[in-house]
Amino acid sequence: MRMAGARRHTLRDIAATLNLSVNTVSRALSGKDGIGEETRARVRAEAERVGYVPNSMARSLVLGSAMTFGLVITNPSNPFYAQLISTIELRARAQGYSLLLTVTEESEEHEMRAAESLLRSSVSGSIVVPVQAGGRRVAAARLGRRPDRADQP
């Protein structure tokens with residue numbers, strides 16, 4: 001685990017240390033073709049040495065997808081929701097996605113903030129279990145409108 005305040009190493013750092021291009025380092029770490037085994041081994045060894053961790057935000061910019069699903073639920077201690085979380089996370093992980101979980105504790109205000117946060121985060125998709133059945137705020141968020149303006153066209 002990285003210590004607070006410690007500088008995060010980048011592909012550029014590894015490339016500079018090994019006198020390689022950033023593209024070569026990226027391809028070596030992602031297992032792409034066109035990289036010799038010796039170079040791949042050197043890159044992986046240096047990445048391990050410096051504790052390199054891929055920057056998921058940078059990756060999402062390159063891919064055009066955050067590879068993250070949002071899940072907003074009311075109470076994870078409810079056995080139904082516990083099973084729902086487990087099943088969604090398992091399926092998401094199998095497809096290379098991560099899960100961003102938000103718990104509203106039955107608060108419409110927290111639900112609204114969570115929906116807005118998901119919209120700002122550009123998640124790949126979201127599932128919202130509304131506090132109130134048929135909640136207009138969640139429907140508005142799903143349509144890309146601000147949840148606090150659900151009554152406006």
Side-chain angles (χ1 to χ4, degrees), residues 1-107 109-131 137-138 140-147:
M1 179 174 281
R2 194 165 53 102
M3 300 296 289
R7 186 177 165 288
R8 182 179 186 154
H9 290 277
T10 66
L11 292 176
R12 184 167 286 141
D13 297 331
I14 295 169
T17 299
L18 299 176
N19 198 27
L20 297 170
S21 72
V22 173
N23 188 43
T24 298
V25 171
S26 175
R27 293 177 61 81
L29 290 174
S30 63
K32 301 265 172 87
D33 294 335
I35 304 296
E37 285 306 313
E38 181 182 328
T39 300
R40 189 180 311 276
R42 286 178 51 222
V43 169
R44 287 186 175 160
E46 180 64 12
E48 176 72 24
R49 186 187 73 76
V50 299
Y52 171 76
V53 176
N55 182 328
S56 61
M57 291 187 69
R59 183 165 172 79
S60 69
L61 288 172
V62 170
L63 296 175
S65 171
M67 298 298 289
T68 302
F69 277 102
L71 176 60
V72 180
I73 62 167
T74 57
N75 186 343
S77 64
N78 178 318
F80 171 78
Y81 293 129
Q83 182 62 48
L84 181 69
I85 294 166
S86 179
T87 300
I88 291 171
E89 198 281 329
L90 182 67
R91 302 261 173 133
R93 187 171 2 114
Q95 297 298 316
Y97 288 82
S98 58
L99 182 66
L100 176 63
L101 176 65
T102 303
V103 178
T104 64
E105 296 296 344
E106 306 289 337
S107 165
E109 181 180 336
H110 289 146
E111 179 182 287
M112 183 178 73
R113 286 187 182 151
E116 287 177 337
S117 177
L118 291 175
L119 285 171
R120 283 191 305 272
S121 299
S122 299
V123 293
S124 301
S126 61
I127 299 170
V128 180
V129 179
V131 171
R137 293 177 178 195
V138 172
R142 198 174 68 219
L143 294 172
R145 296 187 197 130
R146 285 187 40 139

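All values below were derived from every heavy atom in this structure, side-chain atoms included, with hydrogens, water molecules and symmetry-related copies excluded.
- Under the rule for a side-chain contact (heavy atoms from CB on, under 4.5 Å), the partners of Arg12 that lie at least two apart in sequence or sit in another chain are Thr10, Val22.
- Taking CG from Leu71 and CG from Leu118, the interatomic distance works out to 9.0 Å, rounded to the nearest 0.5 Å.
- Summarising the geometry, atom CD belonging to Glu111 is positioned 11.0 Å from atom OG1 belonging to Thr102; distances are rounded to the nearest 0.5 Å.
- Residues passing the side-chain contact (heavy atoms from CB on, under 4.5 Å) test with Tyr52, sequence neighbours excluded: Leu11, Ile14, Leu29, Ala47, Val50, Pro54.
- Considering every non-hydrogen atom in both Lys32 and Ser30, the closest pair reads CG-OG, 3.1 Å.
- Residue pairs meeting the salt bridge (charged side-chain N to carboxylate O under 4.0 Å, His left out) criterion with at least one partner in residues 86-95, sequence neighbours excluded, are Glu89-Arg93.
- In this structure a side-chain-to-backbone donor-acceptor pair under 3.5 Å is missing from Ser86 to Ala82.
- The minimum heavy-atom distance linking Ala92 with Phe69 is given by the pair CB-CD1, 4.4 Å.
- Under a 4.0 Å N-O distance rule, the pair Arg42/Glu38 does not qualify as a salt bridge.
- A side-chain contact (heavy atoms from CB on, under 4.5 Å) with Ile73 holds for exactly one of Ile85, Ile127, Asn78; it is Ile85.
- In this view, Arg49 and Glu46 satisfy the side-chain contact (heavy atoms from CB on, under 4.5 Å) rule, not counting sequence neighbours.
- Evaluation of the side-chain contact (heavy atoms from CB on, under 4.5 Å) rule for Thr39 yields Leu20, Thr24, Ile35, Val43 as partners, not counting sequence neighbours.
- Partners of Glu37 according to the salt bridge (charged side-chain N to carboxylate O under 4.0 Å, His left out) rule, which considers only residues two or more places apart in sequence or in another chain, are Arg40.
- Counting non-hydrogen atoms of neighbouring residues, nucleotides and ligands closer than 6.0 angstrom, the CZ atom of Arg44 exceeds 12 such neighbours.
- For Thr104 and Thr74, the side-chain atoms include no donor-acceptor pair closer than 3.5 Å.
- Side-chain contact between Val129 and Tyr81 is present, with heavy atoms from C-beta onward closer than 4.5 Å.
- In plain terms, the two heavy atoms of Met67 and Ser124 that are nearest each other are N-OG, 3.2 Å.
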